[in-house]
Amino acid sequence: MLVKTYGAAVHGIDALVVTIEVSVENGLQFCIVGLPDAAVKESHQRVISAIRQSGYDFPRKSVVVNMAPADVKKEGAAYDLPIAIALLVGSGQIQAPELGRYMIMGELSLDGSVLPIRGALPMAIEARKRGYKGIIVPQANATEAAVVNNLEVYGVNCLLDVADLLRGASQLSPVEFDTRAEFARAQVMFDLDFSEVKGQESVKRAFEVACAGGHNILLVGPPGSGKSMLSKRLPTIMPPLSLAEALETTKIHSVAGKLKSGSKLMTVRPFRAPHHTISPVALVGGGTNPVPGEISLAHNGILFMDEFPEFPRQVLEVLRQPLEDRHISISRARYAVDYPAGIMLVASMNPCPCGYYNHPTRECTCPPGAVSKYLSRISGPLLDRIDIQVEILPVPFEKLSSMADGESSASIRERVVRAREVQARRYADVPEIHCNAQMSSRHIAKWCALGNESMEILRKAMTKYDMSARAYDRILKVARTIADLAGSHDISPVHIREAISYRNLDKGSWGVAKA
């Protein structure tokens with residue numbers, strides 16, 4: 001008897017339907033075909049034990065399992081459940097008239113219980129897209145899959161639950177989840193706030209500009225000046241996620257297996273802070289069984305790289321293409337996948353190996369040439385892709401000991417949101433652009449026109465500091481954001497001056513004293 005069940009394979013951050021065909025005939029063999037990996041092939045033993053422990057008999061016949069399309073690699077143990085159900089139906093032990101209307105995925109334990117899987121959300125999205133009535137997933141993944149509306153989602157704990165559901169003998173109800181209502185009710189509460197920060201007004205202003213326009217930012221300062229402390233508060237002033245961004249972000253974390261059991265929709269922008277010993281593959285994604293890397297896990301959020309020059313040069317250089325194109329294309333002999341990479345890069349570093357170059361009270365002890373050599377660990381093309389480069393100095397004792405609170409994150413966030421609303425209206429007819437940092441040269445020419453005085457200021461700065469053409473574009477983008485924060489339609493000289501002041505490392509005087 002031939003029976004078909006339906007599952008899914010994750011490719012990149014999307015899923016595609018996999019048809020599991022099980023033929024139960026006379027004979028004494030069991031084989032799985034259709035490009036399965038080792039984990040799928042091992043399902044034989046798990047399925048036998050799970051069926052027997054659930055009170056059914058494993059058919060003593062020839063069993064052939066075909067997983068189509070055969071040219072797509074099937075990975076992981078999530079195909080155990082659809083294979084087991086097809087075997088029970090094919091051997092006549094259960095009747096399931098609506099089997100073809102459900103997508104089924106789940107890993108089986110030896111006792112018949114169903115274990116969590118990765119990628120439940122993109123699978124549910126594909127199930128709805130393909131017109132399935134519902135999807136059956138492990139109970140731990142039910143709320144995640146239920147984010148998809150207009151699809152019946154059943155969370156099951158064991159093989160018996162699925163068998164009873166399909167033969168109509170179960171009281172199991174679909175998991176209910178109103179995505180839009182839950183998203184609207186989500187209240188983001190942060191443990192950190194910018195009101196706790198003493199001093200550093202210029203750096204907080206730079207962060208405000210960076211968040212308002214989605215600009216990459218680099219902080220350069222001595223140890224203890226507050227680089228990491230300030231960076232960890234950045235999510236508190238970022239604009240809230242839209243529903244589309246929340247769904248996309250949740251999909252990525254679902255595929256990577258980073259969602260906790262019972263998780264629903266992610267409503268907070270991700271903040272990823274990898275250690276400087278990370279490998280290039282862990283940063284960009286891929287591997288033997290491809291999964292998203294740290295860059296993609298930070299999509300729609302912040303990638304924080306502390307001690308920037310301490311990252312290996314090879315790791316830093318793989319950032320260049322994702323920062324420019326906002327997506328990652330990984331091509332290997334066996335696969336090719338695309339991962340989104342719409343991140344805001346926030347990096348911090350010491351100004352020199354000892355950490356005290358340009359310090360107001362402590363002397364730098366580095367030998368001649370050490371400052372420029374230390375900075376050269378970050379290539380010029382990568383620095384050009386960082387819109388805002390800010391020097392941060394220690395907070396004076398008078399401000400540090402002050403009992404007065406600084407400006408709260410909520411008030412800064414209000415200005416950021418207003419600036420983003422201006423940009424949303426400006427780019428309403430350009431779907432690939434959502435903020436100023438994403439403008440191309442053509443859009444810069446259209447929306448960043450300068451008056452004569454502003455153009456002359458920029459010309460002198462470009463000539464004096466020998467800036468690149470990419471730095472020119474970055475300055476105009478940042479100036480456009482500053483003007484948006486000020487509610488100005490035009491970019492004025494004061495806006496262009498502030499934007500130029502955020503290119504600290506382009507200045508020829510940086511590092512000269514120790515050169």
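Residue numbers count from 1 along this sequence.
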More than 12 heavy atoms of other residues, nucleotides or ligands under 6.0 Å from CD of Q29: is that the case?
yes

Is a donor on one side and an acceptor on the other found under 3.5 Å between the side chain of R128 and the backbone of A124?
no

Are R480 and H443 close enough that some pair of their side-chain heavy atoms sits under 4.5 Å apart?
no

Is a donor on one side and an acceptor on the other found under 3.5 Å between the side chain of Q53 and the backbone of S113?
no

Approximate separation, where rounding is to 0.5 Å, of I20 CD1 and K74 NZ:
9.0 Å

I need the minimum non-hydrogen distance between P274 and L283, along with the two atoms involved.
CG-CD1, 4.4 Å

Atom pair NE2/CD of H215 and Q438 - distance to nearest 0.5 Å
10.5 Å

Please check: side-chain N/O of E245 versus main-chain N/O of L241, any donor-acceptor pairing under 3.5 Å?
no

Please say whether more than 12 non-hydrogen atoms of neighbouring residues, nucleotides or ligands are located less than 6.0 Å from NZ in K133.
yes

So with a 6.0 Å cut-off around CG of D325, is the heavy-atom count from everything else above 12?
yes

A side-chain contact here means heavy atoms from C-beta on lying under 4.5 Å apart; do P290 and R332 qualify?
no

Counting N and O atoms only, with roles assigned by atom type, does the side chain of S409 sit under 3.5 Å from a partner on the main chain of F194, one being a donor and the other an acceptor?
yes

What is the distance from atom CD1 of I343 to atom CZ of R326, rounded to the nearest 0.5 Å?
8.0 Å

For P116 and A140 the tightest heavy-atom approach is CG-CB, 3.7 Å

So T143 and F177, side chain to side chain contact (heavy atoms under 4.5 Å, CB included) or not? Walk me through it.
CA-CA 7 Å; T143 51; F177 184 80; 5.9 Å; no

Strictly distance-based, threshold 3.5 Å: is any side-chain N or O of S91 a donor or acceptor partner for the main-chain N or O of L88?
yes

Taking the side chain as every heavy atom from C-beta outward, state whether R233 and M229 have any atom pair closer than 4.5 Å.
yes

So, are E126 and R130 salt-bridged, with charged N and O less than 4.0 Å apart?
yes

Main-chain N/O of G213 paired with N436 side-chain donor or acceptor, under 3.5 Å:
no

Strictly distance-based, threshold 3.5 Å: is any side-chain N or O of Q389 a donor or acceptor partner for the main-chain N or O of L383?
yes

Look up atom CD in E152 and atom CD1 in I136, then write down how far apart they are to the nearest 0.5 Å.
10.0 Å

Can you confirm whether H434 sits close enough to Y427 that some side-chain heavy atom of one is under 4.5 Å from a side-chain heavy atom of the other?
no

For L87 versus P59, what's the shortest heavy-atom pair and its separation?
CD2-CG, 4.2 Å

Just by distance, do the side chain of R320 and the backbone of L382 share a donor-acceptor pair under 3.5 Å?
no

Would you call the rings of F30 and H44 parallel, tilted or perpendicular if under 30° counts as parallel and over 60° as perpendicular?
parallel

Find out whether I295 and L319 are in side-chain contact, i.e. whether some heavy atom of one side chain is under 4.5 Å from a heavy atom of the other.
yes

Heavy-atom pair of closest approach, residues V337 and G12:
CG1-N, 3.9 Å

Would you say CD of E324 has more than 12 non-hydrogen atoms from neighbouring residues, nucleotides or ligands within 6.0 angstrom?
yes

Taking atom CZ of R118 and atom CG of N141, what is their separation to the nearest 0.5 Å?
11.5 Å

So which heavy atom on N26 is nearest to which on S62, and how close?
O-CB, 3.6 Å

Hey, could you give me the OG1/CE distance between T5 and M67, rounded to the nearest 0.5 Å?
8.0 Å

Regarding S296 and H299, is there a side-chain donor-to-acceptor distance under 3.5 Å anywhere?
no

Does atom NZ of K73 have more than 12 heavy-atom neighbours from other groups under 6.0 Å away?
yes

Y472 atom OH, over 12 foreign heavy atoms within 6.0 Å
no

Backbone N or O of D57 within a donor-acceptor pair of the Q93 side chain at under 3.5 Å?
yes

Without hydrogens or angle criteria, can the side chains of T250 and E144 be said to hold a donor-acceptor pair below 3.5 Å?
no

Is there a donor in the side chain of N216 and an acceptor in the side chain of R474, or the other way round, less than 3.5 Å apart?
no

Just by modelled atom types, is the A437 backbone N or O under 3.5 Å from a matching donor or acceptor in the K477 side chain?
yes

Pairwise side-chain contact, K251 with D14, heavy-atom cut-off 4.5 Å (strictly under):
yes

Go through the steps to decide whether V346 and L303 satisfy the test side chain to side chain contact (heavy atoms under 4.5 Å, CB included), and finish with yes or no.
CA-CA 6 Å; V346 180; L303 178 67; over 6 Å; no

Decide side chain to side chain contact (heavy atoms under 4.5 Å, CB included) for R269 and M344; before the verdict, give the C-alpha distance in whole Å, the side-chain angles of both, and the deciding distance to 0.1 Å.
CA-CA 11 Å; R269 291 188 182 274; M344 177 178 158; over 6 Å; no

Closest non-hydrogen contact found for S43 with I83 is OG-CD1, 3.9 Å

Do I117 and M123 come close enough that some side-chain heavy atom pair is under 4.5 Å?
yes

Please report the C-alpha distance between L99 and I104 in whole Å, then the side-chain angles of each, then the deciding distance to 0.1 Å, and finally whether the side chain to side chain contact (heavy atoms under 4.5 Å, CB included) criterion is met.
CA-CA 9 Å; L99 179 62; I104 306 172; 3.9 Å; yes

What I'd like to find out is whether the side chain of F308 reaches to under 4.5 Å of the side chain of L316, using heavy atoms alone.
yes

